[in-house]
Engineer: 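A single structure is presented below for examination.
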Amino acid sequence: MLEKMSEFFEKRLSGYDEHMLSEIEGAGEFYPYTASLLPKRPGCTIIDLGCGTGLELEEYFKINPTAKITGIDLSEAMLKALSAKFEDKELNLICGSYFDTEFGNSVFDAAVSVESLHHFTKEQKLKLYHRLKESLKPGGCFVLTDYFAESEELEAEYFNTLALLKKEQGINDNEFYHYDTPLTVEHEIAVLKQAGFSEINVKRNWGATYTLVCLR
Ligand SMILES: C[S@@+](CC[C@H](N)C(=O)[O-])C[C@H]1O[C@@H](n2cnc3c(N)ncnc32)[C@H](O)[C@@H]1O
């Protein structure tokens, strides 16, 4: 049965960090690696899309303890766990969807997202990435670490299966349901370019998880 996105993560909060770090290929490396690509200037401003319990932020604060973070997540419980970890940090946590949240113009030094954006279509991402690019200051970058489809055939299969499951379960609302629908890296890059990012560099991968650095 498909579960609503926010409920899916609420239910899995207990043991979530341990699960991510021990079960996801490369997680022990990709969290610190992603953090290492973010700006090191004290007090810089970062937006995190789908920050969850803050695994990437935990690594980032080791490098830049005074960074100011805007974190957006659908799950209140995940955000509570995050706040409890970083009581002394400057956090602006928004419980809601990054598709509905205003980011502002030229306000962030960088953006980051880890293992959150593989649930959405090219069309949904195009508008989001355009707004995200606009929210970055000149010279800013978006560090995206996520899991990608290994082929166009698999990408199509994930979307077809989701559509079939929704039909079978009589789901016809516009809510987000948890089902992985990753794009291929090539399709993700095409959307990021279409959204206006000037340069996209594929940095590293751990199995199906890749880190991309996208320049404003
Ligand atoms: C697999 S977790 C990753 C969390 C964290 N970045 C990490 O790597 O541990 C995915 C997170 O994305 C959040 N999420 C999914 N869709 C979202 C949306 N549309 N807006 C905000 N958060 C979303 C979920 O609530 C969940 O906390």
Side-chain angles (χ1 to χ4, degrees), residues 1-21 23-24 27 30-31 34 45-60 68-86 89-104 107-108 110-135 142-148 158-159 161-163 165-166 169-183 188 191-192 195 209:
M1 288 296 281
L2 290 171
E3 292 174 71
K4 287 191 180 162
M5 189 82 78
S6 55
E7 292 168 10
F8 177 90
F9 286 104
E10 304 267 1
K11 282 188 197 157
R12 286 157 184 82
L13 177 61
S14 160
Y16 170 83
D17 287 9
E18 297 71 22
H19 165 80
M20 289 302 281
L21 294 171
E23 301 297 323
I24 308 295
F30 67 65
Y31 285 108
T34 301
T45 51
I46 308 288
I47 181 168
D48 186 340
L49 304 186
C51 53
T53 60
L55 287 174
E56 56 272 20
L57 297 177
E58 207 161 322
E59 295 300 331
Y60 184 45
K68 296 174 183 154
I69 308 292
T70 295
I72 307 172
D73 204 282
L74 283 175
S75 161
E76 203 170 343
M78 300 285 269
L79 291 177
K80 268 196 189 150
L82 188 156
S83 309
K85 281 187 197 170
F86 309 121
K89 301 296 181 195
E90 198 159 330
L91 303 172
N92 169 27
L93 299 181
I94 300 167
C95 184
S97 168
Y98 36 67
F99 291 100
D100 301 329
T101 307
E102 284 290 328
F103 302 149
V107 281
F108 298 109
V112 65
S113 185
V114 181
E115 301 288 4
S116 181
L117 283 154
H118 56 268
H119 302 106
F120 306 105
T121 63
K122 287 179 199 163
E123 293 71 25
Q124 288 170 313
K125 288 182 180 183
L126 180 58
K127 285 188 198 154
L128 175 72
Y129 288 164
H130 178 70
R131 291 193 301 111
L132 189 65
K133 188 215 67 159
E134 293 292 303
S135 78
F142 170 36
V143 182
L144 170 62
T145 295
D146 204 359
Y147 135 64
F148 291 95
Y158 295 130
F159 282 101
T161 307
L162 175 60
L165 288 171
K166 279 188 168 176
Q169 294 171 32
I171 296 169
N172 52 18
D173 56 26
N174 286 325
E175 296 247 12
F176 298 121
Y177 287 84
H178 184 267
Y179 189 81
D180 290 350
T181 48
L183 303 182
E188 191 79 22
V191 178
L192 287 157
T209 295

Engineer: Test your reading of the model: is there a side-chain donor-acceptor pair from K122 to the backbone of V191, 3.5 Å cut-off?
Structural biologist: no
Engineer: For E76, is the CD atom crowded, meaning more than 12 foreign heavy atoms sit under 6.0 Å from it?
Structural biologist: no
Engineer: Would you check if the distance from the ring center of F120 to the ring center of F176 is below 6.0 Å?
Structural biologist: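 Yes, ring centres under 6.0 Å apart.
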Engineer: Pick out which of K11, M5, E7, R12 makes a side chain to side chain contact (heavy atoms under 4.5 Å, CB included) with F9.
Structural biologist: M5
Engineer: Mind running side-chain contact (heavy atoms from CB on, under 4.5 Å) on K89 and I69 for me, showing each step along the way?
Structural biologist: CA-CA 8 Å; K89 301 296 181 195; I69 308 292; over 6 Å; no
Engineer: F142 and ring-ring contact (aromatic ring centres under 6.0 Å, His included): which single residue from F103, Y129, F108 fits?
Structural biologist: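 One option only clears the test, and that one is Y129.
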Engineer: Are the side chains of L91 and L82 in touch, meaning some heavy atoms are under 4.5 Å apart?
Structural biologist: yes
Engineer: Quick one: CD on E18 to CD on E23, what's the gap to the nearest 0.5 Å?
Structural biologist: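 E18 atom CD to E23 atom CD measures 11.0 Å (nearest 0.5 Å).
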Engineer: Check whether any side-chain heavy atom of C51 lies under 4.5 Å from a side-chain heavy atom of V112, and answer yes or no.
Structural biologist: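 They are not in contact (no side-chain heavy atoms under 4.5 Å apart), so the answer is no.
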Engineer: Measuring only between side-chain heavy atoms, which start at C-beta, is E188 closer than 4.5 Å to L144?
Structural biologist: yes
Engineer: Report the distance from atom OG1 of T34 to atom CD of E59, rounding to the nearest 0.5 Å.
Structural biologist: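 That separation rounds to 9.5 Å.
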Engineer: Can you tell me how far the CG atom of D48 sits from the CD1 atom of I94, to the nearest 0.5 Å?
Structural biologist: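 Between atom CG of D48 and atom CD1 of I94 there are 11.0 Å.
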Engineer: Under 6.0 Å from the CD atom of Q124, do we count more than 12 heavy atoms belonging to anything else shown?
Structural biologist: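 Atom CD in Q124 is packed in, count exceeds 12.
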Engineer: Where do D17 and K85 come nearest, in terms of heavy atoms and distance?
Structural biologist: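 Looking at all heavy atoms of both residues, the closest pair is OD2-NZ, 2.7 Å.
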Engineer: Is a donor on one side and an acceptor on the other found under 3.5 Å between the side chain of D146 and the backbone of H118?
Structural biologist: yes
Engineer: Which atom names give the shortest non-hydrogen contact between S113 and L117, and what distance separates them?
Structural biologist: OG-CD1, 3.3 Å
Engineer: Find the distance between CG (N92) and CD1 (I72) and round it off to the nearest 0.5 Å.
Structural biologist: 8.5 Å
Engineer: Mind checking whether K125 and L183 have side chains closer than 4.5 Å, heavy atoms only?
Structural biologist: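 Yes, at least one pair of side-chain atoms sits under 4.5 Å.
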Engineer: Can you confirm whether the side chains of T209 and E115 place a donor and an acceptor under 3.5 Å from each other?
Structural biologist: yes
Engineer: Could you go step by step and tell me if E3 and Y177 meet the side-chain contact (heavy atoms from CB on, under 4.5 Å) rule?
Structural biologist: CA-CA 6 Å; E3 292 174 71; Y177 287 84; 5.9 Å; no
Engineer: Nearest 0.5 Å, please: how far is NZ in K4 from OG in S75?
Structural biologist: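 Output value for this atom pair is 14.5 Å.
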Engineer: So T70 and V107, side-chain contact (heavy atoms from CB on, under 4.5 Å) or not? Walk me through it.
Structural biologist: CA-CA 11 Å; T70 295; V107 281; over 6 Å; no
Engineer: At their closest point, which heavy atom of A27 faces which heavy atom of M20, and how far apart are they?
Structural biologist: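 For A27 and M20, the tightest heavy-atom pair comes out as CB-O, 3.3 Å.
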Engineer: Compute whether any side-chain donor of one residue and acceptor of the other, for S116 and Y98, lie under 3.5 angstrom apart.
Structural biologist: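 Yes, side-chain donor-acceptor contact under 3.5 Å.
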Engineer: The test is side-chain contact (heavy atoms from CB on, under 4.5 Å); show your working for E58 and F86 and say whether it passes.
Structural biologist: CA-CA 8 Å; E58 207 161 322; F86 309 121; 4.0 Å; yes
Engineer: Is the closest side-chain heavy-atom distance between K166 and N172 below 4.5 Å?
Structural biologist: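 They are not in contact (no side-chain heavy atoms under 4.5 Å apart), so the answer is no.
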Engineer: Could you tell me the separation between the CG atom of L49 and the CD1 atom of I47, rounded to the nearest 0.5 Å?
Structural biologist: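 Separation between the atoms: 5.5 Å.
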